[in-house]
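Residue numbers begin at 1 in each chain, while the letters A, B, ... track the order of the sequences. Basis for what follows: all heavy atoms, side chains included, without hydrogens, waters or symmetry-related copies.
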Amino acid sequence: MRNTFLFLVILLMLSACKEIGEFYLGIPLQPKFEENSFTPGLNIFGILNTDSTGSFNNSFIVIEKVLPAVGKIDSFNVDTVLVTIENNNSNSEQLFLLTNFDETFSQVNYRPVEYFAPKPGEIYSISCVHSDFPTLRATTIIPAKAVLETTSIIKQNNFLSFEIKPDTSIYMMDVYCYIDTLKPSPYRFAAETEQNTLIEIPVNGNKVDSVVVYSYDYNMAKYYLTSNTSLNFNKYRNSYSTVENGYGVFGSINKNCFKIK
Amino acid sequence: MLFRFITIFLAVFLFQLSHSQEIVTDTIQIKFTADTIFPANYYWQSATDKRGVNPKLVSYSQKKKYILIPVDQELCVQKELAKLIGNNKSKQVPTDTFLLEIDYFTIEKYNGRFIDPYVLYADMPLKKLVNGTITDVGVLTYNYEFKPYTKTPFNIACEQVLSNWHQQFKIDMISVVNYTRTNTEKPEFLITENFDKPWFFNFTLGGALGLSVINSENDPTFFWQLEGEIHFTRPETKPGQWYTGSFIRYQNTADFEMIGFGKKLEHYTKRLSDKTLIDISTNTLIGLNKWKDTEDVKLWEILQFSLSSAQSFNFDKKNADGLILKAGLFENFYYIIPKKYGIQVGPYLSVGYKF
Amino acid sequence: MTRILKYILLGLTLLFLEKVLSAQVYSISGYVTDAETRETLIGATLQLKENNRAAVTDKFGFFSLTGIKKGNYILIVNHLGYQTKELKIAIENKGIILKEINLIPAQVNLDEVSIVAVKTDKVADKSIETSHIELTPQMIRSIPTAGNDVFAAAKYLPGIDRTEPFSPLYTVRGGDPGENGVMLDGVMIYNPYHSSIGSGIFNTMIIKNVDLLVGGFGAEYGGRNSSFMYISSKDGNSNELHGEIEPSTFHSKLFLEFPAGKNASMMVAARYFYDLPFNFIFQSENYFYDYNVSYTNRLGDRHRITLKYFESKDLTGYNFNTFYKYVGNSINTNLYDDFILEQRNNWKNRSATAIHKFVLSPRIFIRNQLYYSHHRSNNYSGLDFTIKYTEKDHPGDTIPLRLFTSTLLNSEISDACVKSSITFKISNSNELHAGIEYNEYNFHNSIRMNDVNSGSFNRNPSLLAAFIEDKFTTKYFTIRPGIRITNYENQGWLYEPRVNASLSLPKGLKIKAAYGEYLQYIISMNTNEIEMSQIVDYYYPLWQLNPSKSVHYILGVEKKLTPSLIVSVDGYYKEMPVVYAFDMNNYFGFTNNLQKGIGDAYGIEVLVEGKHNKISGWLSYSFAKSSRQYPNSQINDGEKFSFDYNRPHTLKAVTNYQLTSNFSLSGSFTYLSGTKRSIETTTQNYFYYDPITNETMSFPLWTTNDKNSAKMPPLVNLDLAIKKKLLRGFGKQLADLIHADESYATITIRNLLFFYRNVEMYFPGTGIQGYEDKYIPIGSNYIPSVGASYTLKF
């Protein structure tokens with residue numbers, strides 16, 4: 001009697017799945033999609049940098065594509081893209097080519113072919129043309145240099161604090177403190193656009209020589225401050241995009257350096 | 001899909017119901033014929049069962065059904081146990097009249113590392129009727145060991161234990177009668193101290209400090225450890241005793257800290273005097289290591305296996321609540337997969353309380 | 001406002017009328033208690049033998065019988081599990097406040113053991129709450145996987161479902177988790193959960209009774225739109241010392257109750273949980289504790305004063321760095337050397353309350369309460385991982401990979417409240433209940449994402465609320481209209497009308513209906529999309545915004561199949577004209593991301609509960625649908641979507657089979673159809689930029705633009721438990737040592753249907769050979785497991 005029941009139970013359990021091994025691995029248990037919208041497109045990381053001295057040219061564009069989440073393994077790389085940067089103020093165009101410019105930079109990216117130094121307040125548009133993908137377009141306004149409120153510097157044993165004046169073109173700042181020429185670690189702040197932004201940095205009793213503040217435009221701020229990068233699964237997470245007809249970010253950066261006395 | 005789940009659920013449920021009766025406490029009858037061969041010089045006025053359980057019950061045993069379901073089995077005799085034990089009605093002259101109570105009675109298998117006998121534990125207060133007044137004689141205390149042939153089923157073994165013990169009991173009664181008449185030396189199984197419990201609870205906390213003498217890694221290094229232990233002991237009825245306890249050990253060595261639990265810390269004690277005894281203990285343990293240098297530690301090296309022993313001289317009052325003090329030597333061998341090992345030796349001190 | 005005035009006027013008129021009409025009749029009132037512990041008994045029935053007038057004790061154990069003329073009577077007092085008591089009462093020319101009526105516990109007959117208490121008495125049936133479920137400690141303990149936790153047990157009831165896989169939060173009838181209120185003896189407790197084991201902070205040993213109001217609840221309860229859980233804790237034994245201990249390797253529990261002077265009693269309960277393997281091997285620090293202290297003084301027959309204090313703390317610090325280091329060493333790679341994965345939670349709850357219960361006259365019962373409840377939580381989770389990855393095909397080419405993500409959420413709530421309520425038994429068929437309460441809150445919230453401050457604020461709102469409800473009872477029909485009025489932050493008065501009704505028909509049939517409007521001023525942020533797992537409600541006070549609102553329409557039918565078996569069917573429709581959500585994917589700060597939307601939920605629930613022979617338990621099925629829409633937001637592009645935790649079909653069963661007095665078997669089964677989840681469709685490299693070196697690093701992340709676009713497979717669970725009395729061995733010896741009255745072992749066998757993997761999440765199986773077009777499921781409860789514990793009661 002007992003064995004019959006045991007047999008029955010096991011039989012029922014087994015009959016519930018065709019191939020136990022597979023079932024146990026959970027393979028047939030697939031989610032049922034009601035909407036599955038994968039839109040192919042280019043994924044860029046473009047940054048226009050005002051810091052272009054001499055032959056160094058720090059502006060560059062990384063261009064990749066996005067992939068469907070499932071499918072055969074594929075590379076993010078794409079064939080050559082025609083990248084044009086247009087200065088909206090002067091209507092002049094600048095071509096970016098895939099180059100290892102001057103062998104100064106280790107990464108192979110799209111870089112300007114001639115001297116290129118954007119100035120604060122200028123508006124630039126990008127267009128990336130590729131035959132397989134829709135043409136990607138985006139615009140950035142070059143941010144101003146961050147301006148220190150000189151009266152606001154407070155040096156305490158463990159903290160250094162100061163304020164940065166508001167500017168409508170600055171949305172995010174990275175602050176590096178040079179402490180006895182050690183490689184500094186960055187502190188990131190969302191910039192206030194109407195009042196001074198308070199910057200507080202832990203220094204652990206060290207003496208700070210100088211502070212470098214990088215200011216970013218709206219696009220970069222949106223990309224870094226509102227993107228959901230948390231490592232969790234099956235949660236609603238929009239694709240990262242501040243551009244039209246594609247993915248990624250096209251932004252700009254400015255730099256300022258202060259001596260701390 | 002839903003239908004399939006429901007079918008399975010119902011099938012399991014029905015299975016559970018149809019077999020659940022077997023899972024309930026079983027009753028196993030054992031034969032116990034009270035022995036009447038010995039002519040005795042005493043008379044039982046009464047024998048009462050004060051255990052508050054089924055009066056026919058001798059002991060519980062437990063077995064596992066379907067691997068993990070513990071099922072209690074009641075081992076019962078055909079008549080009330082008290083009546084079977086106190087069946088001697090011979091009224092020869094001169095007779096002494098006694099009253100027997102059963103406070104505690106059970107048979108268990110002692111699963112030791114070195115010995116594994118069946119033990120009958122019993123506490124039976126004995127009273128004597130003299131000129132119409134009842135006087136306390138003491139508590140007949142038994143830790144009666146018996147080793148049947150291996151592979152004897154539990155119930156058969158219990159039968160054998162019970163009948164052998166009963167013969168011993170009758171012999172013992174003769175010496176008790178003598179003791180009550182002439183006030184000769186008190187038999188060891190008759191305990192007159194008053195403690196109203198079948199088991200003593202022992203708690204000890206000890207420490208050891210020593211050297212890792214043989215070591216797979218480097219030269220001898222220091223180690224120290226703390227160890228807490230609890231165990232139950234029976235009132236002592238003979239000089240040598242075996243018992244097991246549970247313990248938790250924390251060890252700090254040059255390379256790692258270790259914490260481990262062990263369920264079988266086996267002791268053998270030999271009593272020297274009413275206040276002192278010698279204690280030899282052995283144990284095995286699986287411990288968790290916290291490495292001080294995590295640089296090259298592999299995942300499996302968080303486990304260690306160890307085998308240790310301690311020999312100590314104890315201050316421990318016989319059959320009484322009170323302080324326990326231990327001093328002795330501790331030895332330990334540990335092994336960490338795949339090839340780290342060591343032998344540790346050191347002095348050992350411990351303080352505890354028995355109540 | 002004029003409508004409110006009308007209500008109040010109507011109430012006053014009724015009051016006056018009743019006073020005039022009932023000039024020559026009197027009342028009897030008092031408390032009913034357990035004779036052994038003097039703990040008050042909830043739901044005891046009292047009946048006059050002569051005229052069948054009857055009453056039931058309320059959640060404070062108090063009753064009031066009115067409309068009694070002069071004369072001699074016999075009062076019959078009944079309660080499940082107690083011996084019936086008869087008292088002789090003589091009414092002369094005034095009402096009587098009786099001394100405590102002590103009921104003696106009945107000898108437990110094996111056939112009467114039941115895990116659910118179906119009220120077999122006719123009078124107790126007159127409760128008119130539609131969606132009201134009672135959870136007793138016995139029910140909680142009989143659910144194998146509930147682990148003696150009230151929140152885990154509640155999830156076995158219809159309409160109450162789990163949210164995220166590793167979260168203790170729950171959702172009721174399509175409502176947000178933050179819309180559930182939990183009260184411990186009238187004190188609002190915020191986030192009553194432990195982080196480390198995902199269970200509740202209430203020790204089952206202290207619980208006397210749990211009332212779950214899952215919809216259509218009366219005007220007494222306010223400030224939450226979805227449900228209320230009202231937990232009544234024990235006052236302590238005023239006759240002798242009793243207790244319970246549960247020692248184990250990873251947690252220990254203790255409960256003591258004892259008399260504290262004449263007419264006073266105390267109760268102390270504590271739990272401590274420690275995660276030894278993690279603390280020791282992987283150098284993390286995890287523990288939690290909670291404790292309750294209660295003091296009750298019975299100052300004469302009229303006054304009772306209770307003081308209660310409750311505190312819990314959780315410290316979780318999962319640091320996986322050492323673990324990954326060991327893994328790296330084991331497989332000979334230094335990939336994990338710079339791998340930092342941490343989770344740190346620091347939670348604390350404290351509450352203190354003073355309660356004064358006062359019997360003003362045999363008809364009037366007053367309850368005054370003062371409480372302070374405080375919650376603080378600080379949750380950090382972060383991952384920082386950088387490697388130089390070398391492709392096999394291009395050995396010289398290294399690709400720098402980096403993923404850095406972290407969230408730090410802080411929430412601090414303090415709630416100070418003073419409240420008072422009055423119950424006035426106007427006549428035997430008319431009971432007025434009214435109250436007023438004032439809350440002074442303080443909220444502090446802050447968020448830090450990826451090491452950037454994303455805003456913080458401090459707010460101190462206040463809330464003034466009053467309610468009145470009147471229960472009219474006739475032989476077959478009961479109706480209870482009520483209204484709650486609230487004023488939040490002096491923004492003006494808003495009203496919430498509510499009505500409950502029930503109609504008793506022959507053959508044990510009963511029809512119940514409820515309508516109610518509910519307002520919530522303090523909402524909870526849903527952080528599921530940014531946190532690894534949301535395990536706490538971040539309460540957020542609305543500021544110059546309309547409160548979130550929901551309207552409940554409920555109709556239920558109940559039928560008694562046998563005296564101890566009941567079947568009920570509840571249908572509900574819940575309209576949510578105002579709901580709020582934080583758009584966590586477009587996050588720049590606090591207020592400007594609060595999105596206003598609408599929602600609805602409807603469903604039907606069938607519940608069979610009771611006992612048959614030696615089997616007791618319940619079986620429930622529910623069908624539910626729920627949706628949300630945030631029209632002017634980027635959330636799902638403003639389109640309507642299925643609510644996150646909506647499970648259309650659920651089947652839940654809990655059974656207990658009492659085989660002998662020493663041995664019982666219990667089992668629980670759940671079938672939950674799959675929820676909607678946002679399954680990832682796109683892989684996109686996310687870039688990190690270093691302005692000093694001017695280099696980038698990236699990490700592939702999965703994204704989707706459709707919210708709740710795919711349906712997950714169902715979850716199926718079957719668990720069993722065996723509870724047996726200890727008869728031998730170490731546990732029995734320990735029990736004998738402390739003179740335990742009752743000692744038992746519980747063995748839990750979890751997840752028997754392990755062939756059905758309980759899939760919780762997926763990740764895309766990109767490129768893995770043979771699985772190119774598959775999502776790889778990550779499940780919990782793969783393997784059946786067995787657990788054991790001892791309980792010693794003395």
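For B:Ile248, no part sits under 4.5 Å from any heavy atom of chain C, backbone or side chain. With a threshold of 4.5 angstrom between heavy atoms, B:Glu257 approaches chain C through its backbone and through its side chain. C:Ile331 does not touch chain B: none of its heavy atoms, backbone or side chain, sits under 4.5 Å away. With a threshold of 4.5 angstrom between heavy atoms, B:Ser61 approaches chain C through N, CA, C or O but not through any side-chain atom.
Residue C:Leu727 holds its CG atom at 4.5 Å from OH of B:Tyr60, rounded to the nearest 0.5 Å. For the atom pair CD of C:Gln733 and NZ of B:Lys197, the computed distance is 13.0 Å after rounding to the nearest 0.5 Å. Expressed to the nearest 0.5 Å, how far CG of C:Asp736 lies from CZ of B:Phe201 amounts to 13.0 Å.
For residues 288-300 of chain B, heavy-atom neighbours of chain C at less than 4.5 Å comprise B:Leu288, B:Asn289, B:Lys290, B:Trp291, B:Thr294, B:Glu295, B:Asp296, B:Val297, B:Lys298, B:Leu299, B:Trp300, sorted by residue number.
Counting heavy atoms of neighbouring residues, nucleotides and ligands inside a 6.0 Å radius, atom NZ of B:Lys50 does not exceed 12 of them. No more than 12 heavy atoms of other residues, nucleotides or ligands lie within 6.0 Å of NZ in B:Lys56, so this atom counts as exposed by the packing criterion.
Closest heavy-atom contact between C:Leu737 and B:Phe355: CD1-O, 4.3 Å.
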